[in-house]
*Asks:* 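Let me give you the structure first, and then I'll get to my questions.
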Amino acid sequence: MKILLLGGTGMLGYDCKEVLARYHEVIAPSREELDIVSWDRVIEVFQETAPDIVINCAAFTDVDACETEDFVRQKVNVEGPRNLAQGCARFECKFVHISSDYVFDGAKNIPQPYFEDDVVNPISAYGKCKNESEKAVRENSPNYIILRCAWLYGINGKNFVRSILRQALKKPSKPIRVANDQFGSPTWTYRVAQQINTLLAHDSRGTYHSTAEGFCSRLEYAEYILKNLGIKATVKPCKMEDLNAAAKRPSNCILENRLLKKKKVNVMLDWKEDLNTFLDQFGETLIKEAKAGKS
């Protein structure tokens, strides 16, 4: 099948391109080649490429900046997916849209997870626009997959792993402050890309959760990364509110892959297993980048 992939240079898009190209023809235009907020350009590219599947990994993901960047946030995160959904309906393509755990308020008691049919209640501007994007997809595309992911990390792009390594290696004597009251499942983008491929192979439809199995706190996550790579650093636990972030974050980010399991298509592994593999493969590279100030 022919796949049109948006956001192919981003963290998830990068791995989607690598995984899906093994089984399909993947066309991944740059942002300059296809601005998804331009309806006319979306239609032009659909006509030029005639895709069977459209995967949207493009998004404005700076959670704190979303609190003030109203115009950009709405254009990229809501109008863009709406344009793609309408284009998919017009050209009879399957649409795969990436969403977020931030559509939930995180008020459930730990370790209760969120299920696909739980009531959404976003508490940040980013979460609200991701919820709006989901509505836009459901209202405009009859053949869609919405995939809610959380705590993503990968070899391409900014993420928590890179952030921790940068802080630990740039100023080794300075304690790293990490929240101990936010819980979720560190999830490798490469595994999510494999999950998308599996869903496509089964011609799946609907809204799914796709995160690693198991969960931990942000503090446990940071400590695990440093211990795995043999890096000595002082990690200081704190509350999320102590970090003075512009956007409010949910405390409970745990998603249950209930629908994937129900349909027997779940390929997600335990978060420690995938993180071990990721750090074994890329740890040295990430350390070099952090020491060079590149991450």
*Asks:* For residues R82 and N140, determine if any side-chain heavy atom of one lies less than 4.5 Å from a side-chain heavy atom of the other.
*Replies:*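 Side-chain contact under 4.5 Å: yes.
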*Asks:* Give a yes or no on whether K2 atom NZ has more than 12 heavy-atom contacts from other residues, nucleotides or ligands under 6.0 Å away.
*Replies:*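 More than 12 heavy atoms, drawn from other residues, nucleotides or ligands, come within 6.0 Å of this atom.
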*Asks:* More than 12 heavy atoms of other residues, nucleotides or ligands under 6.0 Å from OH of Y14: yes or no?
*Replies:*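 No, not enclosed.
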*Asks:* Between F91 and F46, is the gap from one ring center to the other below 6.0 Å?
*Replies:*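 Ring centres of F46 and F91 closer than 6.0 Å.
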*Asks:* Are a donor atom and an acceptor atom from the side chains of E213 and N257 found within less than 3.5 Å of each other?
*Replies:*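 Yes, N257 and E213 have a side-chain donor paired with an acceptor closer than 3.5 Å.
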*Asks:* Y153 and F160: aromatic ring centres closer than 6.0 Å?
*Replies:*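 Ring-ring flag for Y153/F160: false, centres at least 6.0 Å apart.
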*Asks:* Looking just at side-chain N and O atoms, do T211 and R148 make a donor-acceptor pair shorter than 3.5 Å?
*Replies:* no
*Asks:* With a 4.5 Å limit on heavy-atom distance, are the side chains of L6 and P29 in contact?
*Replies:*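 Yes. Closest side-chain heavy atoms under 4.5 Å.
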*Asks:* Do the side-chain N and O atoms of N143 and K94 include a donor-acceptor pair separated by under 3.5 angstrom?
*Replies:* yes
*Asks:* Checking side-chain polar atoms at under 3.5 Å, does S163 have a donor or acceptor matched by the opposite partner on Q167?
*Replies:*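 Looking only at side-chain atoms, Q167 and S163 do form a donor-acceptor pair, the distance falling under 3.5 Å.
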*Asks:* Please check if any side-chain donor atom of N266 sits under 3.5 Å from a side-chain acceptor atom of Y208, or the reverse.
*Replies:* no
*Asks:* Would a distance-only check, ignoring hydrogens and angles, find a side-chain to backbone donor-acceptor pair under 3.5 Å from E134 to I146?
*Replies:*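 Checking the backbone N and O of I146 against the side chain of E134, no donor-acceptor pair under 3.5 Å is found.
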